[in-house]
Amino acid sequence: MVQKDYDGAEGFLRKLAGDLTGPVEAHLTLVQFLKVARGTDAARAELDGLIAANGSNANAQLYGAMRATFDFDAGKTTVAITAIQDIVKAAEPSDQTRRIKSMLARMQDATGNRVGARALVEEILAEDPNNVDALKLRGGWFTADDKPGDAIVDLRAALDQSPRDPEILTLMADAYERDGSLDLAGEQLARAVEVSGAAADESLRYAKFLLRQGSPHVAETVLANARQVSPANPAILSALAQFYIGQSEWPQAQEATDVLQNLDLPDNAKAGVQALKAAIMAGQNRVDDSVALLQNEVDTSDQATAAVAMIVRTKIKEGKLDEARTYLDGALAKTPDDKGLRLLSASLDAQMGKTDAAETTYRAMIAADPTSDIPVRQLYTQLIALGKVGPATAVLDAGLTALPKSPDLRWIKAGELERDGKIDDAIAVYEGLYAEDSSNTVVANNLASLITAHHDDDASLARAEAIARRLRELDVPAFQDTYGWIAFRRGNLDEALSHLEPAAKGLPNDVLTQFHLGMLYDKMGRSADAVRQFELVQTLTAKGDPSGIQQQLEITKQALDRLKATAPAP
């Protein structure tokens, strides 16, 4: 494979697979090889031959199910699901049938039918409580449902059956991270890299985790080891190049980029390589060389929009707005309908103070293509910056009418509703976003924060804590404030203190964060500290906008009056 001797690799795998009616695993390995090396049509032809050779036996059923997955990946979801359902109906209960049911469950889950997928998984586990595929699926769902403890139980059971399965270890890492146990999550990701032999996907996943945790040099080691295993993997090389650029290690960045450039890449990926090379030059203050490289990309490539945009942004960064405008106008004259360049043009107009021109462009783009939310978002941001709240809301609401499922527009709407004091409506929007992607940490933070701030019942507080557990070891002040306030509301004062003090230090001008710490000090009987905090709340409020925090200000005043009245005489 490394030497690109695909004929030799195929011959070797065929020898291992043996007779067409023999055991399935080696034949499935051959099919996967053909898909990678020869394409889906070659793999499908191999499956057709295997099905014909095996007639209607169990092997043929599995091969038919595998062929259905190819249809599914090609977008023929209904055809694929129907085919596997027919296979399941005709199959007798067995390990292989349960394997096919797991394939069907994954398809149903991917198409939004989690109810059907869950039912299949429960059927599988009723027959075989230790079925690895079913345990993996249910474990992932438990994590998504904020039940990481249940997920870990399932995944440990799966790991007992298959201790060197990188997918199980990755799912366990997700569960531990959702539970806020980052050290344990890191251990599972490291094990996934180990058992996969430093495979690209596992290595990239662990490296990203390490970078989030502030361990860049360990991340570099992980990526370098993965490169030794997969020296021509574009994702690994690109990640290394980006890492080295971030660390200002220019020779290493250049070497990784040069190797990447010599690979046979699609045009859009080639444009990304040019962007990396330009970033290296710009990082070394070789701005003219960077612009010249990008201009060559513009002149010689069909994928020129990204290069034009980078040239314009480079000129803007240097403060050469007029040059940027002239250059962009020239590019637009050649491709006046290019959406990316039109958006950039409107943004540049806004930076140059030509907000009316920018608004005209945005509105024209919205009218021409109501299915794109980018001009809606950019126009909304511009109008808000100009203090035109009413027109901004109208633009946002019209955008949501055209694109009711847009996550970005709904996110903006949730913030607007919160600003206007419509908290339950904001919570409802966040709940919808969270249901669609419960892995989004920022959505989780905002949802948990709003629930805790505006609901007092035990069920709401328990739900907020379940959502926010992933935040407890993250060194982000806003997240520390959310989790610390939830801990306070739940009566866990020591845990609250360990989060709210660093949060207040990290957000010294945030009124609510300082208020939360004041409330904690008061509850703990630290009167002098509480007075200091509440006075800080009043000072910060006097400098800013008190709307939206009237209740907290009244509590602050009452607390100060009480604490000062009961303070011992000097």
Side-chain angles (χ1 to χ4, degrees), residues 112 143-146 174 177-178 208 212 339-340 343-344 346-347 350 358-359 362-363 365-366 369-455 460 463-464 466-471 474 476-483 485-486 503 507 510-513 545 547-549:
T143 298
D145 292 340
D146 293 316
D174 290 342
E177 190 165 359
R178 184 66 64 98
K208 289 176 182 177
R212 292 199 305 270
K339 294 178 182 178
L343 284 169
L344 184 59
S347 176
E359 181 174 345
Y362 288 136
R363 290 190 182 278
M365 293 187 70
I366 293 169
D369 183 10
T371 64
S372 173
D373 65 6
I374 300 175
V376 176
R377 288 189 278 122
Q378 294 190 194
L379 177 56
Y380 177 88
T381 300
Q382 175 178 304
L383 292 172
I384 288 293
L386 294 172
K388 299 179 179 180
V389 176
T393 298
V395 167
L396 177 59
D397 289 344
L400 281 167
T401 298
L403 295 164
K405 294 187 178 297
S406 166
D408 290 327
L409 296 186
R410 287 152 65 201
W411 169 272
I412 296 170
K413 190 62 182 179
E416 189 176 81
L417 290 166
E418 183 180 355
R419 180 199 69 203
D420 294 342
K422 299 176 181 178
I423 303 302
D424 286 336
D425 290 338
I427 288 175
V429 175
Y430 281 127
E431 287 281 17
L433 291 168
Y434 190 74
E436 292 169 13
D437 180 12
S438 66
S439 67
N440 189 313
T441 303
V442 179
V443 170
N445 174 73
N446 289 13
L447 176 57
S449 178
L450 281 183
I451 290 173
T452 308
H454 298 279
H455 293 281
S460 293
R463 170 157 167 70
I467 294 170
R469 284 189 67 82
R470 77 193 74 182
L471 309 177
L474 296 178
V476 178
F479 297 168
Q480 291 170 325
D481 176 54
T482 296
Y483 189 77
W485 186 239
I486 290 172
L507 296 170
D510 186 85
V511 176
L512 281 178
T513 303
D545 181 5
S547 62
I549 55 171

(request) Kindly compute the distance separating CD1 (I412) from CD1 (I384), expressed to the nearest 0.5 Å. (result) 9.5 Å

(message) Do the side chains of K413 and D425 get close enough for a salt bridge, i.e. N-O under 4.0 angstrom?
(response) no

(request) Applying side chain to side chain contact (heavy atoms under 4.5 Å, CB included), name anything that partners T401, two or more places apart in sequence or on another chain. (result) none

(message) Counting C-beta onward and ignoring hydrogens, is there a side-chain heavy-atom pair between Y430 and L433 closer than 4.5 Å?
(response) yes

(request) Apply the side chain to side chain donor-acceptor pair (under 3.5 Å) test between Y434 and each candidate in D146, N446, N440; give the one that qualifies. (result) D146

(message) Please check: side-chain N/O of T393 versus main-chain N/O of V389, any donor-acceptor pairing under 3.5 Å?
(response) yes

(message) Test your reading of the model: is there a side-chain donor-acceptor pair from R178 to the backbone of S438, 3.5 Å cut-off?
(response) yes

(message) So, taking the atom named CG in D397 and the one named CD in E416, what distance separates them when rounded to the nearest 0.5 Å?
(response) 6.5 Å

(request) Locate the shortest heavy-atom distance separating Q480 from A503; write the atom from each residue and the value. (result) OE1-N, 3.6 Å

(request) Quick one: pull up CD1 in I486 and CD1 in I467 and give me the separation to the nearest 0.5 Å. (result) 8.0 Å

(request) Please round to the nearest 0.5 Å and tell me the distance separating atom CG of L471 and atom OG of S449. (result) 10.0 Å

(message) Can you give me the closest heavy-atom contact between R410 and G432, atom names plus distance?
(response) NH2-C, 3.5 Å

(message) Checking D373 against S406: is there a side-chain donor and acceptor pair closer than 3.5 Å?
(response) yes

(message) Using a 3.5 Å distance criterion without hydrogens, assess whether the side chain of T452 forms a donor-acceptor pair with backbone atoms of A448.
(response) yes

(request) Supply the atom-to-atom distance K388 NZ to Q382 CD, rounded to the nearest 0.5 angstrom. (result) 7.5 Å

